[in-house]
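To find a chain, count down the sequence lines: A is the first, B the second, and so on, and within it residues start at 1. Both backbone and side-chain heavy atoms feed into the values below; hydrogens, waters and symmetry mates do not.
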Number of protein chains: 2
Amino acid sequence: MILETPDKATLEDALRLAIESREFVQVIGPCEVVYVGRAASLTESGEYVVMLKPDGSLQVHGARGVKPINWQPKTDDLRVTRDEDDRVMLLAERRSPSELVQITFFEPRLMIALELRDEKVFQLHGSEAQMHEALKRNLSSLEIGLTLLEHELPVGVGDIDIYARDAQGCVVVIEIKRSKASQEAVHQLERYVSAVRLQLPPLFSAGVRGILAAPDISKPARKQLERLGLEFKVFTALPEEPKTVPQTGLFELA
Amino acid sequence: MILETPDKATLEDALRLAIESREFVQVIGPCEVVYVGRAASLTESGEYVVMLKPDGSLQVHGARGVKPINWQPKTDDLRVTRDEDDRVMLLAERRSPSELVQITFFEPRLMIALELRDEKVFQLHGSEAQMHEALKRNLSSLEIGLTLLEHELPVGVGDIDIYARDAQGCVVVIEIKRSKASQEAVHQLERYVSAVRLQLPPLFSAGVRGILAAPDISKPARKQLERLGLEFKVFTALPEEPKTVPQTGLFELA
DNA sequence: CGTTTAATCTCGACT
DNA sequence: AGTCGAGGTTAAACG
């Protein structure tokens with residue numbers, strides 16, 4: 001359904017109906033958006049594209065950028081009402097965290113409502129999970145003599161990507177990054193190495209090695225890494241087999 | 001401009017024209033999306049909403065979620081062509097990083113092209129930067145007797161949010177988080193405290209305190225914090241209940 | 001539920 | 001251009 005410059009009553013009814021029947025809805029035109037929740041925001045009245053998906057997620061797009069200016073990932077309550085000046089409002093509420101997005105429509109240029117078939121298969125190559133698999137199967141590509149001890153080992157402060165032993169018998173903590181490693185990645189590795197050292201007898205603590213495996217590393221990160229006595233090794237993911245991510249709906253439409 | 005079920009030639013011409021004149025464009029209907037760049041992805045043919053903004057950013061939305069299925073934050077080159085089966089294709093290319101999104105349209109249900117006035121003022125309240133300002137101006141709300149020494153003090157491994165002195169004359173390192181603090185925040189604070197201790201004479205090192213200021217803290221983080229002899233103090237950016245108790249909130253929603 | 005972490009993160013700021 | 005760090009991050013995985 002396409003409505004050009006709908007009047008208030010038409011917009012209101014159409015919105016209610018479309019929300020009720022869980023359609024994909026868009027309203028394009030001047031509006032004002034207020035958000036209160038984890039933070040608070042207020043847009044001056046301007047032209048935006050309001051997009052409401054069948055799963056209840058809401059986003060308001062401006063003229064620039066991939067990010068919406070306002071959004072609501074999940075809505076527990078969607079309401080269409082009128083404000084004190086009789087303008088049509090869309091309220092998207094969420095509990096936990098308590099959040100409210102309130103959109104006031106002025107003179108919408110366009111409203112669209114249609115059924116959007118849920119997407120099919122989506123295949124992504126080159127994820128970190130795939131790199132884990134690749135590295136697990138061929139640890140010696142990082143360094144001769146490495147043997148896998150654990151994968152995703154919980155260590156109190158998070159999970160260690162790869163926990164291994166080197167040819168000399170030393171414990172090795174490996175952190176994998178799918179793209180260029182930054183200082184944050186170094187901090188993360190450092191955190192895991194410290195945790196392991198604390199859990200081992202003092203005699204073995206000094207022997208614990210930390211390796212950052214990534215296709216590249218930033219210059220400051222490398223400096224920091226060396227200061228901490230940790231190591232960097234080039235590791236690039238060559239995806240062998242696409243990982244299938246089924247993006248099925250949260251609920252079925254009857 | 002609104003085109004319902006446009007044929008190939010109409011879609012192609014309209015797309016070219018709209019891109020040329022930097023309009024906001026949407027094409028809704030079955031299509032296939034291929035992405036190659038930092039990773040690689042492939043969508044099976046399905047119904048999507050393709051959104052092209054005047055700034056050249058591109059996003060492809062499915063039926064669920066705030067995040068697009070595919071996107072391109074910046075495009076250096078936008079092209080409309082035909083594939084080997086004569087289907088209309090939209091190519092969005094980007095250099096640095098080298099990325100390509102390729103959309104093949106099958107039988108579009110709808111195409112929209114319109115001018116979208118750039119957004120007006122957008123005000124966000126409750127950012128971490130604002131929390132810094134608020135805390136700086138009222139350090140004693142955290143603890144009586146605290147006096148500011150430095151803000152954003154660099155210490156090699158990053159900047160200390162707030163560097164202060166307590167009533168007893170001890171140095172205090174304060175780390176601020178705008179939302180619930182995790183173990184990573186604790187580790188960050190730990191790094192700063194250690195750095196400060198190393199820079200001070202041994203006599204003063206033991207007296208250095210570390211405070212994590214956030215609205216909340218996760219249970220494991222709290223445990224870790226206490227183990228390290230650090231402290232947590234509640235600090236919220238936004239007033240909890242502004243109307244019932246008109247207590248002076250740190251941030252006002254104008 | 002809460003917690004943690006990857007992400008084609010995006011986006012802005014700073015060097 | 002490169003790097004860093006916040007974000008109403010989102011979203012998924014795991015306990």
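When the C1' atom is used for both D/dG8 and C/dC14, the distance is 24 Å, rounded to whole Å. If you take atom C1' in C/dA6 and the same atom in C/dT10, they sit 14 Å apart, rounded to whole Å.
The side chain to side chain donor-acceptor pair (under 3.5 Å) pairs that include a residue from residues 67-76 of chain B are B/Ser41-B/Asn70, where partners are two or more places apart or lie in different chains. Within the structure, the salt bridge (Lys or Arg N to Asp or Glu O under 4.0 Å) test picks out the following pairs touching residues 223-233 of chain A (sequence neighbours left out): A/Glu143-A/Lys233, A/Arg209-A/Glu231, A/Arg222-A/Glu226.
Rounded to whole Å, the distance from CD on A/Gln59 to C1' on D/dA11 is 14 Å. Spacing between atom CG of A/Asp216 and atom P of D/dA1 amounts to 17 Å, rounded to whole angstrom units. In this structure, CG of A/Leu58 is placed 15 Å from C1' of D/dT10, rounded to the nearest angstrom.
The phosphate of D/dT9 has OP1 or OP2 within less than 4.0 Å of a side-chain N or O from A/Arg38.
Looking at heavy-atom distances under 4.0 Å, A/Arg95 makes no contact with the nucleic acid at all.
Residues A/Glu152 and A/His132 are in side-chain contact: their nearest non-hydrogen atoms beyond the backbone lie under 4.5 Å apart. No side-chain heavy atom of A/Tyr48 sits under 4.5 Å from any side-chain heavy atom of A/Glu32.
When DNA chain C is scanned in the 5' to 3' direction for atoms under 4.0 Å from non-hydrogen atoms of chain B, the outermost contacting nucleotides are C/dT3 to C/dC11.
Qualifying side-chain hydrogen bond (donor to acceptor under 3.5 Å, both in side chains) partners for B/Thr104, counting only residues two or more places apart in sequence or in other chains: none. Applying the side-chain hydrogen bond (donor to acceptor under 3.5 Å, both in side chains) criterion to B/Gln199, with sequence neighbours excluded, gives no partner residue.
The backbone N or O of B/Lys53 sits nowhere less than 3.5 Å from a side-chain atom of B/Ser57 that would complete a donor-acceptor pair.
Sequence order on DNA chain D of the closest nucleotides to A/Lys180 and A/Asn70 puts A/Lys180 first from the 5' end. Each of A/Ser179 and A/Ser96 has a nearest nucleotide on DNA chain C; the 5'-most of these lies closest to A/Ser96.
Counting non-hydrogen atoms of neighbouring residues, nucleotides and ligands closer than 6.0 angstrom, the CD atom of B/Glu23 exceeds 12 such neighbours.
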Distances for protein N/O vs nucleotides 4-7 of chain D N/O pairs under 3.5 angstrom?
residue	atom	partner	partner atom	Å
D/dC4	OP1	A/Gln183	NE2	3.4
D/dC4	OP1	A/Ser218	OG	3.1
D/dC4	OP2	A/Ser218	OG	3.2
D/dG7	OP1	B/Glu128	N	2.8

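The residues A/Lys177 and A/Glu175 are annotated as salt-bridged, a charged nitrogen and a carboxylate oxygen being separated by less than 4.0 angstrom.
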